[in-house]
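Throughout, protein chains are lettered first and strands after them, A, B, ... in sequence-line order, and every chain is numbered starting at 1.
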Amino acid sequence: MTKVRTRFAPSPTGYMHIGNLRTALYEYLVAKKEEDGVFILRIEDTDQGRLVEGATDIIYETLKQCGLNHDEGPDIGGNYGPYVQSERMQSGVYKDYAWKLIELGGAHVCFCGEEVIEEQREIASAKNTSFKFDDPCKKLSKEEVEARVNAGEKYVIRQSIKEEGTTSFTDEVYGTITVDNITLDEQVLLKSDGFPTYNFANVIDDHMMDITHVVRGNEYLSSTPKYNLIYESFGWNIPTYIHCPPVMKDEQHKLSKRNGDASFQDLLSKGYLSEAILNYIALLGWAPETEQEIYTMDELKQAFNVKRIGTSGAIFDIEKLKWMNAVYLRNKDFNEYYDLVLPYISEAVKNDSYDKKEIAKILQPRVTILSEIHDMIDFFDTYPTYSNDFYINKKMKTDPEIALRSLIETKKLVESLTNWSQENIHDSLMNLVVEMGIKNGQLLYPVRIALSGKEFTPGGAIEIAYILGKEETLHRLDLSIAQLS
RNA sequence: GGCUCGUUGGUGAAGCGGCUUAACACAGCGCCCUUUCACGGCGUCAUUCACGGGUUCGAAUCCCGUACGAGUCACCA
């Protein structure tokens, strides 16, 4: 059995999209499932018009952040280089192969301008029949073609497809697909600027790089027979195809760059972890055999199986990603989590006298995405103005009147406290509850409101008081007592 | 319009002819735990698998048709 070789072949046209990233993930997994599988990065930049500066760096950066490390690629080399199509072109390979394909009867030279095609299209639509370009250049003699090419006339090379028969192929996901050759379009292989089209470069490169498994979106399903015809003309081995269903924004629309839908970079900047994103998208369109949902990359390599990729589009559900992100955050070892979260805490809480570690602790079971941290803990720094209505809570059986009594007693207690430990604060307050003959919530709920000025907070009264320190606790208690009086 | 593909709950999905009066997870709802919110625990949420026929003792699972959706038909990838 030959080594499995897969390739991720993006165009450098901007941010990395979720669907794209998922394709990269699947390609990586298909290769890495095997001991000696090879994952390759190839840059497809044959469309000079759409190139975006810096886009290639985003691709490198993203793969790195995701741990989808490639074994061969433009930045690290390999035995099948170059790995950028515009560089490959320099040797004239695509042109040579295109001409060779002509000799083999799989292609022909075409001098038609857009007008000729347009004209035929109009006639077809006028007659209400389906359009298929019937290239008059196919009838040109070899001599005439040579003469015109030599004379410097602009030309393209189009694929030649016979009208009879059918072409079938088997996709690992979608099964066997058969089409009538007559419906196949004689696509351009080599553009007039000398660049190959994606369709052609792809076939040539995949063959030259010994790619064994082609993983791509199902939008290529209908052009795959055309590629296979090229492989057949050359007498090359056809790779194993793995077409993936699209990642959708909603039932009708794919997730796309054009609509400004969230990219991988956007998600990162909103505070999603790359591991969580990857884990989540692995499950979009692929179902594991077991009920496990949280996977490390190694586990994913083990569990991944092309046969369990689905066939229908999957809607990207940010809610589930949020949940998964929270799971990752919660399950992290505290120190690792702390490193991750510290910048966000420091940004929200500038006051250095507060113990950031304690803040991180109360946050860990509650954070979902990092960017939400700010609003959760900014009350430590800036005591907000709040409404006395916050003191009304039916379940806790508190109202402003009870609150005022509790706060006054708490203040007296706090003033007398000498040992400012969480344990001591807890025990003293609990004693006070007993002394006052009220319920826990009637004391602790108002105190928490008084200290935070917020209805909901990470952590309860005791934790917050502990972090604020005795002085600030008394200060806030005073302010709240004044407000309630 | 032609061709190709798809259709299980709000979402991701399992199921591949009887074990299914359709798993699991997210979201929702309710309860418990509890000093708020979370975390954790428990329960509930499709009598039904787009629809209509057929095959079969038996169908979400096989076949045919219809509807709806997507992709493709570029010198884009």
Side-chain angles (χ1 to χ4, degrees), chain A residues 9-11 13 44-47 49-50 110 112-114 117 124-125 128-133 154-158 171 174-175 177-180 182-185 187-193 195-199 201-202 216-225 243 245-246 248 251-254 280 283-293 308 310-324 326 330 362-368 376 390 393 395-396 426 429-430 433 439-449 452 454-464:
Chain A
S11 290
T13 57
E44 310 231 333
D45 59 347
T46 55
D47 184 2
R50 295 212 313 173
C110 171
C112 298
E114 259 176 73
I117 302 170
S125 75
N128 216 346
T129 56
S130 70
F131 165 74
K132 191 195 167 192
F133 182 52
K154 282 228 167 208
Y155 69 93
V156 301
I157 293 179
R158 305 190 93 95
D171 180 77
Y174 286 90
I177 291 169
T178 304
V179 295
D180 292 325
I182 188 84
T183 64
L184 263 19
D185 182 70
Q187 61 186 346
V188 170
L189 267 17
L190 199 75
K191 305 186 234 180
S192 59
D193 63 4
F195 275 79
T197 58
Y198 161 86
N199 300 302
N202 221 255
R216 50 156 73 130
N218 74 354
E219 66 267 28
Y220 293 103
L221 221 38
S222 40
S223 28
T224 300
H243 286 93
M248 311 290 284
E251 282 170 46
Q252 262 84 38
H253 308 280
K254 273 215 264 191
Y280 174 69
L283 261 22
L284 261 189
W286 168 75
E289 274 168 72
T290 64
E291 282 173 5
Q292 183 178 351
E293 287 204 297
R308 294 184 68 89
T311 48
S312 54
I315 298 175
F316 184 86
D317 181 12
I318 194 83
E319 291 303 321
K320 185 141 185 180
L321 208 209
K322 266 191 186 165
W323 165 80
M324 199 172 271
R330 275 204 298 279
I362 61 174
L363 233 30
Q364 192 164 15
R366 295 168 237 255
V367 215
T368 55
M376 293 171 83
F390 282 7
N393 186 298
K395 214 177 144 211
M396 293 299 116
H426 173 268
L429 283 172
M430 289 322 227
V433 166
K439 306 199 67 128
N440 287 354
Q442 291 177 305
L443 181 80
L444 296 168
Y445 189 92
V447 170
R448 189 182 59 79
I449 300 289
S452 66
K454 288 204 175 194
E455 212 173 353
F456 308 118
T457 54
I462 293 153
E463 290 96 322
I464 293 173

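At the heavy-atom level, A:Cys112 lies under 4.0 Å from base atoms of the strands shown. Note on A:Val156: a base of the nucleic acid sits closer than 4.0 angstrom, heavy atoms only. Within the nucleic acid shown, A:Ile462 comes within 4.0 Å of at least one base atom, counting heavy atoms only. Here A:Thr13 lies out of heavy-atom contact (under 4.0 Å) with every strand. Within 4.0 Å (heavy atoms only), A:Ser223 reaches no atom of the nucleic acid at all.
Contact annotation: A:Lys132 side-chain N/O to B:G1 OP1/OP2 distance is not under 4.0 Å.
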Can you give me the N/O atom pairs linking the protein to nucleotides 11-16 of chain B at distances under 3.5 Å, or say none if there are none?
residue : atom : partner  : partner atom : Å
B:G12   : OP1  : A:Ile315 : N            : 3.2
B:G12   : O2'  : A:Leu283 : O            : 3.2
B:A13   : OP1  : A:Gly285 : N            : 2.7
B:A14   : O3'  : A:Arg308 : NH2          : 3.2
B:G15   : OP1  : A:Arg308 : NH1          : 2.9
B:G15   : OP1  : A:Arg308 : NH2          : 3.4

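With B:C37, B:U35, B:U4 as the candidates, the nucleotide lying closest to the side chain of A:Phe456 is B:C37. Looking at the side chain of A:Ala461, the nearest of the listed nucleotides B:U72, B:C5, B:U35 is B:U35. Distance from the side chain of A:Pro365 is smallest to B:A38 among B:U36, B:A77, B:A38.
Between A:Tyr220 and A:Tyr198, the distance separating the two ring centers is shorter than 6.0 angstrom.
Both distances falling under 3.5 Å, in either a Watson-Crick or a G-U wobble arrangement, occur for no nucleotide opposite B:U55. Using the Watson-Crick or G-U wobble rule with both distances under 3.5 Å, B:U66 pairs with B:A50.
No side-chain donor-acceptor contact under 3.5 Å links A:His243 and A:Thr311.
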